Structures are given as structure tokens and as C-alpha cells.
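Everything on this sheet refers to the single structure shown next.
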Protein chains: 2
Amino acid sequence: MDEFELIARFFSRASADPDVRVGVGDDGAVLRPPAGLDLVTVVDTLVEGVHYPADLPAADVGYRAVAVNLSDMAAMGSRPRWMTLALTLRESDAGWLEDFADGLYTSANECGVALVGGDTTRGTQVVVSVQITGSVEPGKALTRAGARPGDDILVTGSVGDAGAGLASFRQGAPRGDAVGYLLQRFARPTARVEAGRALIDVAASAIDLSDGLFTDLEKLVTASGVGAELDLDRLPLSPALRATAEPRMALQYALAGGDDYEICFTAAPAVIGSATEIAGVPISRIGRIVEGTGISCVKGGQPFVYHDKGYRHFN
Amino acid sequence: MDEFELIARFFSRASADPDVRVGVGDDGAVLRPPAGLDLVTVVDTLVEGVHYPADLPAADVGYRAVAVNLSDMAAMGSRPRWMTLALTLRESDAGWLEDFADGLYTSANECGVALVGGDTTRGTQVVVSVQITGSVEPGKALTRAGARPGDDILVTGSVGDAGAGLASFRQGAPRGDAVGYLLQRFARPTARVEAGRALIDVAASAIDLSDGLFTDLEKLVTASGVGAELDLDRLPLSPALRATAEPRMALQYALAGGDDYEICFTAAPAVIGSATEIAGVPISRIGRIVEGTGISCVKGGQPFVYHDKGYRHFN
């Protein structure tokens, strides 16, 4: 099976999107953009053994490669439309590829995204880069730069699950209900696309949580030129995380575990009101934006010094 | 230097493009698409040791990663606008990165392309995926599927240079003028963007030459449901290729060397007339489209059986 047969066999499922004029199989894809909207484009790479364990099921790798990009789209408030796949493989293992493609299309189909092109190459390590392009109402894209002093800081869903799930996977922990849930949160993250769409009229700023809440919130406050006060007692921890991790470790996973793929956003209290969910997704107030720089944490009403910096390549 | 510092230091040069509303540094890029045009999007990956020798200068790797994508855009007749970079590195070597970024921006600037986003990750091998998005007049994108019996088959520039240049590089051949020229054709391919733009009113079909003329022409005739007669005496061979390779090897490089990044296209004889260049780029008639399937070759007026299939991953 050479690369052209491989693409024809695994990555050429038909799309029902009438705006895909030319899809997989030519030098490029031809797309008809929606009139009067802005485009949003994101790219995220998964490297085998770095972003996921080499023995993670192929279907999860495919699902995850799409979902982490959908999460970036969600944090921009964008509607995802089209994706391309740059896939570097060690060998062409038909079983692995079939499972990988199934996972990839499953995640894409959940959000109505069409695979429109790609490139398949050979290397010494699996590297999966997915790029997604979508649309957003002009000038409405959410960015990291809009937070203002007085904003509430909120987060969708729960944080720390995926970090704890990955640790359990690596330790070969028995997969009871709680560990199974945490692992699923790592392997098949739920991108908050509908919540992100709803946030364009609510949020002042937003960021996708991939490297860990503390590190990602730091990026948001730096981009906005503000500071943050984070109330660690308010971090939304799932029952599964509380059941499997000591409180100290649960806090560590929540702040720095990474791979949450939730949206952290800020909004004026008058705008967000007393809402406890958005587009059906629970939201939690975890702090507020203040004048200044950096993040100060509070726990049990007392200042809490926190040092960990989350995940950074090359550090 | 962590990944965020790396991006800020090497990949955040300002763009003058007013349609880039949000560029490098947020969860995604926000772009204002040109009204009434189709979008074209392409992605091509370079893997160290597979697509280029590991000791190729970093500036050439950066230049080449962009140029091979510009070549795909050219073959679609598209105007390239914006690119993203998914870069997997072994370590963060500031000297290598500075050179790589210089080459990358040099190629992008030649065609007015803005770097708008990306992802930088760590792996065991350098993998560079560039995606470029551009625009084309509605319904005008060139594809592989439009060739009709009676069309002339033409090619821009010359073929075989890059294959011969790469072989010389691997053999450590002395870099006299001819070898230097051939190597430059491999390291810094000239994407035929202006020629591609001019071809949208001329060509019936087109394909970018990356895997070798014979293999790529096979893809074109297959997509078009036609056959081709290729006159091997008409292949445009550069003086440098003729000076450094025996005729038999020069022919082999021309048909299967790959990495040419020229445009092979077809056009009705009445449309192309006696033109010898397009947008300043020489063009050569190398055969014609016929009813049927596959490619038959002629050399010295006699049928010539050719077997080589060009480059395919996993084959």
C-alpha cells in the first residue's frame, strides 16, 4: 500500500458540505467561504510519546488530534468547517490506520467538519498535525487579549481529569469507573464548540486549556495586560478526580495537569449574571481579573504561593 | 528557551496584511477573506532525512518548506495569502531556528504570504508541515481533472534538475557551477506562482511536479479519465543537467527524479497557440492527451517502454 492508495482507502470519505468544491485528492482543496464572515484557522500537532503514550489506541489518537483543534476553534468562538491532516507514520499498518481514521472522522462528524486535504509521509515517529478552518461573525472572534479588571474568570466543565487519567494510564492503574472516566477525558476530550459559539456575545476574552489552567491563564492575563486572583477552592473538580486523587494531587492536576480542553474565559459580572451553564455546559467562577500582572492564588481564604508552570516543550 | 519564547523570538515577524485581524500568538488566527473569491488550501510536509538530507542548511529547509506549498498553490492557479507552520524539533537550537526562520520568511515574502499561526513541538526527528491558504476566482481553480483528448501537455521551466542536484549533494560531488545550480534547484525551488495565476485562463488541467514527471502526469491523466503520449525528446533539460549527467541518467532524473516544483498542465492547442512562455516562465510542449488510459512514451520517433514510478512513501 503506497501513500496514494493509503489516502484513497482511509482518508477519502465523501463530504456532504456543498461548499467543498474540490476535496481530498488534488494539489489542494477549493472551498467556498461563507459571505461576510471572518475566517479562523488553527493548527495543533500530536507527537507520539510526547502528547500521548505510544500504546494509546489508534482511534483515540485520531479522535484526539481533531478534538484538540476543535477546542482551539471553540476558544475563538468559531464555527469549525474544514480540516486538513498532515500525517507522518513509521509504516503503513492498515489496522492502525483504519482505527485512526475512524476516530478522526468520529470527532470531525460530531462538529460537522469535512476533511478536505492532507499529506501523508514516512518518518521515525508518528506526528499528527491537524489544521481546522472555520468562520466567525466579523470582529466577534474571542481572543486572549480582552480581559478587563473586574471581569469574573470562569471555566467550562472540570479541570484536572485528563492529567490524572494520563498518569493512571502510564502507571497501568486498574480501570475502574473513576479511572476509566478520567482516561476517557484524556483520550477523547470534548471540545466545547457550542459553548464557544455562545460565548461570543458574553466573554471579554477566552483561552483553550491545553497546557494547564495556571500556565494558560497566565498567557491570557499577559495578553490582556492585567492580573488575576484565582480562588483554588472554586476550581471545578470532577467526582472521579476527587475519588482517585488526594486533595493535594487533585489541585496539582487541576492547575498544571494539562490536556483539559476546556475554555477559560472572562466576562463582566453584569453580563454573565448568575449563569451556571452555557449551551448546556456547566461553568464555574474561579476568580477575577485585577489591575497589575501575574496570578495570585487564594486557598481557604489565605494567600497560596504556587510555582508549577504546566507543560512547555523544550523547557 | 521554551516553546512560547521560541515562537515570540523567531516566528512573530509583523505582517503588513490588513486582512490578518489576529495573527501568531492566540489560539488561532482571524482572517478576513476576499469577498466573492474561492479559497484554496494546501498542506505539504518535509521530514528530515526523507524529504531532505539532515545536513541541508536550515535556511534551505525553511525556504523549501514554504516553496513546495507555494508550488501546490501555483498548480491550482491560486494567489497564496496566509500560512501556518507545524514544526516538530529535536531540540531548540537557536542558530538553526534563526536560519530556518530566515529561509521561511524569505520564501513567504517573495509571494506576499503572511505567517499567521502554528504549533511548535518536540520529537525525535524534524518534521515541518506548512499549510497555505489563498484565493482564486470562483470556479477558476485548476485541477488535475480537466484534461481532454487533443490537449497539448506542457511543462514550465526544466525537469530533472533537483533530482540530479540531490544525488550530487548525497555523493558529496564538488560544487562547480553546474552542480551548484542543480543543488540550488533542490534546495530553493522556485514556485511558479505567477505562471499558475496566468494559467487559469489557459490551462484545462494542471498538477504540481513533486514526485516525478511520469508519476505526476499519471495522476493527472487518471483524474481526467484520459491517456497521454509523452515525447521524451521534448523534455526540457537544463544545460546544467546535460553537462553533469549522461543522457540516460538525465532522462531518468527528468521522468522520476522528483522535487521539480514545476507545473505540468494541458491546454487546447488553439488556446495555447505558439506561446513559448507564460508570465515570463519558459514552457515546453512535451506531448498530447489522447483517448484511453496511461502514458505511452516515444523517443527518437519510436515507442519507448518506461517503468519507473517516481517517489512514493511506504512503497
Side-chain angles (χ1 to χ4, degrees), chain A residues 1-4 6 21-22 25-33 35 38-45 47 50-51 72-73 75-76 78 82 84 86 88-89 91-92 116-125 127 129 131 133 136 138-139 141 143-145 206-208 219 223 312-315, chain B residues 1-4 6 21-22 25-33 35 38-45 47 50-51 72-73 75-76 78 82 84 86 88-89 91-92 116-125 127 129 131 133 136 138-139 141 143-145 206-208 219 223 312-315:
Chain A
M1 183 168 56
D2 70 28
E3 63 182 301
F4 311 122
L6 186 159
R21 318 298 284 192
V22 176
D26 217 290
D27 285 329
V30 182
L31 308 166
R32 191 146 292 179
D38 283 353
L39 296 175
V40 175
T41 195
V42 302
V43 59
D44 248 341
T45 301
V47 179
V50 177
H51 297 87
D72 279 323
M73 295 300 279
M76 304 291 290
S78 172
W82 308 301
T84 60
T88 302
L89 297 169
E91 68 285 314
S92 64
V116 299
D119 191 18
T120 307
T121 53
R122 192 164 46 86
T124 56
Q125 184 178 31
V127 178
S129 284
Q131 167 150 348
T133 296
V136 69
T143 71
R144 304 172 179 179
I207 188 167
D208 157 55
K219 290 179 216 162
R312 296 179 175 215
H313 288 286
F314 309 113
N315 209 9
Chain B
M1 184 169 53
D2 70 30
E3 62 182 301
F4 311 122
L6 186 160
R21 317 299 285 195
V22 176
D26 216 291
D27 284 327
V30 183
L31 309 166
R32 190 145 293 180
D38 283 352
L39 297 174
V40 175
T41 195
V42 303
V43 58
D44 248 341
T45 302
V47 179
V50 176
H51 296 88
D72 278 323
M73 295 300 280
M76 305 290 290
S78 172
W82 308 301
T84 59
T88 303
L89 297 169
E91 68 286 313
S92 65
V116 300
D119 191 19
T120 307
T121 53
R122 193 165 45 87
T124 56
Q125 184 177 29
V127 179
S129 283
Q131 167 149 347
T133 295
V136 69
T143 72
R144 304 173 179 180
I207 189 168
D208 157 54
K219 290 179 216 161
R312 295 178 175 215
H313 289 286
F314 309 114
N315 209 10

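The structure displayed is predicted, hence computed values, not measured ones. Heavy atoms only: backbone and side chains are in, while hydrogens, waters and symmetry mates are out. Every chain is numbered from 1, with letters handed out A, B, ... down the list of sequences.
The side-chain hydrogen bond (donor to acceptor under 3.5 Å, both in side chains) test applied to A:T41 returns A:Q131, A:T133, not counting sequence neighbours. Evaluation of the side-chain hydrogen bond (donor to acceptor under 3.5 Å, both in side chains) rule for A:D72 yields no partner, not counting sequence neighbours.
Residues B:A141 and A:V30 approach most closely at CB-CG2, 3.5 Å, considering heavy atoms. Considering every non-hydrogen atom in both B:G139 and A:R32, the closest pair reads N-NH2, 3.8 Å. Heavy-atom minimum distance, B:V50 versus A:R122: CG2-O, 3.4 Å. The two residues A:R144 and B:G25 come nearest to each other via the heavy atoms NH1-O, 3.2 Å.
In this structure, the portion of B:V127 lying under 4.5 Å from any heavy atom of chain A is its side chain and not its backbone. For A:V22, the part lying near chain B is the side chain, with the backbone staying farther off; criterion is any non-hydrogen pair under 4.5 Å. Within the 4.5 angstrom heavy-atom criterion, only side-chain atoms of A:S129, from C-beta onward, approach chain B. Of the atoms belonging to A:A29, heavy atoms from both backbone and side chain fall under 4.5 Å from chain B.
Between the side chain of B:D27 and the main chain of A:A75, no donor-acceptor pair closer than 3.5 Å is present.
Under the 4.0 Å criterion applied to side-chain N and carboxylate O atoms, B:D38 and A:R21 are not assigned as salt-bridge partners.
When each of A:D26, A:L31, A:V43 is scored by its heavy-atom pairs under 4.5 Å with chain B, the top score falls to A:D26. Most heavy-atom pairs under 4.5 Å with chain B, from the set A:V42, A:T124, A:I207, A:V136: that is A:T124.
Residues B:T45 and A:T88 form a side-chain contact, since some pair of their non-hydrogen atoms from C-beta on lies under 4.5 Å apart.
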